[in-house]
> 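To start, I am sharing the structure in question, which I have written as structure tokens.
Numbers restart at 1 for each chain; the letters A, B, ... are given by sequence-line order, proteins then strands. Model, not experiment: these values are computed from the prediction.
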Amino acid sequence: MKRCGISFKDMSRLSAYIDGYLFEEERDKFEARLAGSKELQLALIRQKRLKAVLRALPVKPAPRNFTLSPEMVVQRRTKSNLMLTFRFASAAAALLLVAVFAGELLLGSLFTAPQASLMVSEAALSGDADVAADEPMIIFWNSPDEGKGGGEEAMGIDGAPAETMIEAAQQEGGRVPESEERAAPAEEEPLIAESPEAETLILGLRPDEGGEVISQSGSQDVSSKAIDLPPIRWIEIGLGVLALGLGITAIVLRSKQRKTR
Amino acid sequence: MDEQALIQAALQGDMDAFNRLVLAFQDMVYNTAYRVMGESDAAEDATQEAFISVYKKLHTYRGGSFKAWVLRIVTNACYDELRRRQRRPVTPLEPELDDGELMESAKWMVDDAPSPEDMIDKSELDQAIQHCINELEEKFRIVVVLVDVAGEDYETASAAIRRPLGTVKSRLARARKKLQDCLQGFWELLPSRYRLSDEDSA
């Protein structure tokens with residue numbers, strides 16, 4: 001900051017000089033410089049005038065009395081304490097939630113991995129829980145005869161590929177899943193063979209039965225999964241709801257407090 | 001009853017004693033708040049908040065200048081109030097036109113005749129100086145108000161802003177320089193003995 005050849009250091013000394021805040025030695029030096037510098041003299045006059053202008057400002061008296069009543073202090077203290085309590089409780093719940101998440105991540109491999117694999121197998125074999133418990137699931141991708149891009153053959157509806165699938169499964173020592181048995185030839189699935197409307201079946205089910213059966217098993221699955229949440233999830237959800245609720249309450253209290261000011 | 005006795009009584013829960021302290025300091029506190037905030041409503045809010053804080057924090061007062069301690073609390077109350085107002089700027093009341101559009105200004109509300117308050121207190125020079133004070137950064141504004149407007153010494157200002165004396169000196173020098181530059185634009189309002197231009201002083 002330099003104007004009219006006066007540095008900020010000089011302006012600062014000038015300002016302190018006017019108020020009598022220069023040490024004796026420093027003041028003597030500055031007065032010697034002041035005597036020989038027209039610019040410093042002008043700056044001194046300007047600063048003195050500014051100070052006089054500011055001191056001449058009218059004093060604004062208090063427009064009313066600001067005395068306190070016991071109610072004012074107590075009411076404010078209670079509100080403020082309540083708000084602080086909610087704020088800290090919300091922060092504590094959020095921190096606890098983070099800690100639970102972190103703990104779950106760190107220790108996840110110990111107790112959540114087996115649980116997760118179990119859930120996956122349950123989901124995959126939703127209609128055949130007994131089979132899943134006893135034997136490993138066998139999955140065939142495309143048809144064995146050089147892959148024809150799936151379609152009816154791959155699905156085992158045409159007969160021959162499905163037989164191959166069943167044979168392969170039996171050779172492996174596993175039990176053929178019911179769904180595949182349904183798709184197998186006539187002697188193995190009398191329901192389809194005896195049915196006069198075999199061609200109208202969709203995935204081995206009659207159109208009028210299919211929707212009902214699927215929707216029942218689906219709803220059962222959903223309800224059983226909702227109930228089967230691990231306890232840690234319930235803790236996390238609870239903490240999240242608690243943190244959110246307390247936080248919102250603290251915000252509401254704070255905004256109310258501001259409005260009353 | 002002297003100041004220290006009132007403080008001791010207030011610490012014992014004597015609200016009357018505390019209110020006597022309030023009455024003794026309220027002009028000084030309000031005037032400081034008014035000059036820092038630049039408007040009366042905000043100054044009233046800051047003053048009330050400051051006295052509530054003084055009451056709540058009285059047990060933390062460890063002797064020394066009670067005035068400097070009160071000024072420190074006023075300074076903090078002003079900073080808080082300024083920040084609160086920056087977060088929630090006051091929206092002026094503006095009437096709507098028939099088509100739902102807002103009128104450009106609220107001049108319709110202004111009474112053309114000057115109020116007694118305007119005639120006595122709000123002189124143009126006062127407004128010009130207050131305008132220049134408002135233009136300063138908060139940290140410069142509070143120092144210039146404490147030292148040049150309120151007439152406090154550097155030690156009190158230093159205690160109020162909780163900064164060393166050297167900081168007060170440098171902030172004051174900068175604030176004065178900025179004020180000087182700002183007031184050049186209002187030189188015609190200044191009485192001849194106060195004019196700051198080079199021509200006048202030469």
> Side chain, backbone, both or neither: which part of Ile133(B) has a heavy atom under 4.5 Å from chain A?
side chain
> Thinking salt bridges, do Arg176(B) and Asp148(B) make one under a 4.0 Å N-O criterion?
yes
> Taking Glu26(A) first and then Lys29(A), would you say they form a salt bridge - that is, a charged N and a carboxylate O separated by under 4.0 Å?
no
> When you compare the side chains of Arg64(A) and Gln48(B), does any donor N or O come within less than 3.5 Å of an acceptor on the partner?
yes
> Do you know which of Leu14(A), Leu68(A), Leu54(A), Ile18(A) has the most heavy-atom pairs with chain B at a distance under 4.5 angstrom?
Leu68(A)
> Parallel, tilted or perpendicular: which fits the ring planes of Phe25(B) and Phe66(B), with parallel below 30° and perpendicular above 60°?
perpendicular
> Which bit of Val29(B) comes within less than 4.5 Å of chain A, counting heavy atoms only: side chain, backbone, both or neither?
neither
> Contact part of Ala150(B) toward chain A, heavy-atom cut-off under 4.5 Å: side chain, backbone, both or neither?
backbone
